[in-house]
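This report refers to the structure that appears directly beneath it.
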Amino acid sequence: MLGSVLGTTKILGVMGFPVSHSLSPVMHNAAIAAMGLDYVYVPLPIPVESLATAIAGLKAVQSIQGFNLTIPHKVEVIPLLDEILPIAKSVGAVNTVKRIGDRWVGTNTDVAGFLEPLKQLKYDWSSMPALILGSGGAAKAVVAACLELGCPMIHVVGRDPKKMKKFHGTMTSQLHDYNLRVHPWASIPHLLEVAGLVINATPIGMANDPHTPISELEMALLPQNAIAYDLIYTPRPTKFLQIAAARGLKAIDGLEMLINQGAIALEFWLDQPVPIEIMRQALIKQLH
Ligand code: NAP
């Protein structure tokens, strides 16, 4: 339940199109209520062709303190902002914008959100090559995260050779790192034999899709200390993670990434610690 919206209420929100499925309002409004702040977080459905008008126009609305961006705006927003912080530059995508004075400042909290559950594991990442399935928007943040983690090699597989070549060119130039290789989908079995961290950054297995990007037989190829990480958070667990857990591997779903990217964004806007457990519980309740 939202608190009262007053004449003084400050506004945060999420720009996307469509945006009605977003879980961000639930998570952020739960934190805002628990903190007793005079803020509200609202969905901002903005079609692609209206993004520039919206970004410029919302600057005049003094109560708007910042916003998230989701599909399809994370890349297109970049030239419309006044400043892009280095992490967002290296990913090539912005998911969080803050009003600082009369400037829109963009950053990316997906990278840190993805890393949070891994950082708690205390592995020697320098001995764990990463295998990323998919080369879309989320895969870009995952590549930057694996680089920050210190994975010795980052392999990305995809089904479209032209897109893979473009992905490689863009990411190596943005990250100034050349331990990134792209491969066709058929290379997966060979890559699994050496992978330490396998990340599903495709929608395979989402919602009512019963498929898995990695079969049971393929999962058996992974080293015993490997980690399977699915960015998907509905269902929990996906078939991919069920197979991984049955094989005895550490399995991580996308919920912690979602929670942590949100918590880091809220901290960025408010300049104070935020109640992450309340955000987690609000999301879990909404998903059940
Ligand atoms: P995206 O930009 O649309 O990229 C999807 C990628 O998956 C593309 O590389 C696409 O390949 C590939 N793909 C789709 N269907 C495939 C199939 N049947 N076989 C092989 N590859 C396939 O989406 P995204 O934003 O990166 O999101 C990817 C997933 O991550 C989604 O499930 C999303 O919900 C999840 N996600 C979770 C979080 C979180 O906080 N937990 C955050 C962001 C995203 P093509 O380019 O060849 O089509």
Side-chain angles (χ1 to χ4, degrees), residues 85-93 95 107-158 164 167-168 170-183 187-202 213-214 218-233 237-238 240-241 243-245 247-264 267 276:
L85 297 186
I87 185 67
K89 269 190 201 155
S90 65
V91 176
N95 79 326
T107 188
N108 187 304
T109 68
D110 284 332
V111 177
F114 170 84
L115 284 176
E116 199 52 41
L118 293 174
K119 281 190 167 165
Q120 291 167 13
L121 295 178
K122 314 273 181 240
Y123 276 63
D124 173 15
W125 301 107
S126 68
S127 66
M128 298 187 74
L131 170 57
I132 303 168
L133 313 173
S135 61
K140 289 183 179 174
V142 174
V143 168
C146 290
L147 190 65
E148 192 179 319
L149 211 52
C151 296
M153 185 61 77
I154 302 168
H155 301 285
V156 182
V157 294
M164 297 312 290
F167 182 88
H168 185 262
T170 310
M171 293 313 290
T172 47
S173 68
Q174 281 167 191
L175 293 165
H176 308 292
D177 187 90
Y178 298 94
N179 289 334
L180 173 70
R181 304 268 183 278
V182 294
H183 310 264
S187 307
I188 288 177
H190 161 67
L191 294 167
L192 284 171
E193 286 172 10
V194 293
L197 175 61
V198 185
I199 302 121
N200 178 29
T202 78
I214 303 282
E218 288 172 331
M219 197 68 84
L221 298 170
L222 276 166
Q224 191 58 49
N225 67 341
I227 298 170
Y229 194 149
D230 202 332
L231 300 197
I232 295 172
Y233 46 83
T238 55
F240 169 65
L241 293 188
I243 295 173
R247 161 87 168 75
L249 306 182
K250 174 92 190 148
I252 303 172
D253 69 36
L255 192 67
E256 284 302 311
M257 175 177 175
L258 181 67
I259 295 163
N260 280 287
Q261 64 76 26
I264 297 162
E267 273 177 15
I276 192 162

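Just so it is clear, the structure is predicted and the values come from calculations on it, not from any experiment. The first residue of the sequence shown is numbered 1, and numbering continues consecutively from there.
- For the atom pair NE2 of His190 and CG of Leu131, the computed distance is 10.5 Å after rounding to the nearest 0.5 Å.
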Determine whether Leu249 and Ile227 satisfy the following criterion, side chain to side chain contact (heavy atoms under 4.5 Å, CB included), listing intermediate values before the conclusion. CA-CA 6 Å; Leu249 306 182; Ile227 298 170; over 6 Å; no
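- Among all heavy-atom pairs drawn from Leu221 and Pro189, the shortest one is CD1-O, 3.6 Å.
- Using a 4.5 Å heavy-atom cutoff, the side chains of Ile264 and Gln261 are not in contact.
- Between Ile232 and Asp253, every side-chain heavy-atom pair lies at or beyond the 4.5 Å cut-off.
- The shortest distance between side-chain heavy atoms of Asn179 and Pro152 does not fall below 4.5 Å.
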Would Thr107 and Ile87 count as a side chain to side chain contact (heavy atoms under 4.5 Å, CB included) if you check the C-alpha gap in whole Å, the side-chain angles of each, and the deciding distance to 0.1 Å? CA-CA 7 Å; Thr107 188; Ile87 185 67; 3.4 Å; yes
Go through the steps to decide whether Leu191 and Val157 satisfy the test side chain to side chain contact (heavy atoms under 4.5 Å, CB included), and finish with yes or no. CA-CA 9 Å; Leu191 294 167; Val157 294; 3.6 Å; yes
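- To the nearest 0.5 angstrom, Ile214 atom CD1 is 9.0 Å from Ile243 atom CD1.
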Evaluate the criterion side chain to side chain contact (heavy atoms under 4.5 Å, CB included) for residue pair Tyr123 and Leu197; output intermediate values, then yes/no. CA-CA 11 Å; Tyr123 276 63; Leu197 175 61; over 6 Å; no
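- Expressed to the nearest 0.5 Å, how far CG of Leu175 lies from OG1 of Thr170 amounts to 10.0 Å.
- Listed here is the closest heavy atom pair of Pro213 and Glu218: O-OE1, 4.0 Å.
- Proximity of Cys151 to Pro129: side-chain heavy atoms (C-beta onward) are nowhere separated by under 4.5 Å.
- Heavy-atom minimum distance, Ala226 versus Ala195: CB-O, 4.0 Å.
- Using bins of under 30°, 30° to 60° and over 60° for the plane-to-plane angle, the ring pair His155/His183 lands in the tilted bin.
- To the nearest 0.5 Å, atoms CE (Met128) and CG (Leu121) are separated by 8.5 Å.
- For the residue pair Ala144 and Val111, the shortest heavy atom distance occurs at CB-CG2, 4.2 Å.
- Nearest heavy atom pair, residue Phe167 against residue Lys140, reads CE1-CG, 3.7 Å.
- Distance check, rounded to the nearest 0.5 Å: CD of Glu193 to CD1 of Ile188 gives 13.0 Å.
- Using a 4.5 Å cut-off on side-chain heavy atoms (C-beta onward), Val142 and Ile154 make no contact.
- At least one donor-acceptor pair closer than 3.5 Å links the side chain of Tyr229 to the backbone N or O of Phe114.
- Between Ala228 and Ala244 the shortest heavy-atom distance is CB-CB, 3.5 Å.
- Under the 3.5 Å distance criterion, the side-chain polar atoms of Asn108 are matched with a main-chain donor or acceptor of Ala93.
- In this structure a side-chain-to-backbone donor-acceptor pair under 3.5 Å is missing from Gln174 to Met171.
- Considering Val156, Leu133, Leu231 as possible partners of Ile199, the one that fulfils the side chain to side chain contact (heavy atoms under 4.5 Å, CB included) test is Leu231.
- Remark: Met257 CE to Asp230 CG distance equals 11.5 Å, nearest 0.5 Å.
- Proximity of a side-chain donor or acceptor of Asn95 to a complementary backbone N or O of Thr109 within less than 3.5 Å is detected.
- Contact check for Glu256 versus Glu116: no side-chain heavy atoms found under the 4.5 Å cut-off.
- Side-chain atoms of Tyr233 and Thr238, non-hydrogen and from C-beta on, never get closer than 4.5 Å to each other.
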Show your reasoning for whether salt bridge (Lys or Arg N to Asp or Glu O under 4.0 Å) applies to Lys119 and Glu148. CA-CA 11 Å; Lys119 281 190 167 165; Glu148 192 179 319; 3.7 Å; yes
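- Within the 4.5 Å cutoff, the side chain of Val143 has heavy atoms near those of the Ile132 side chain.
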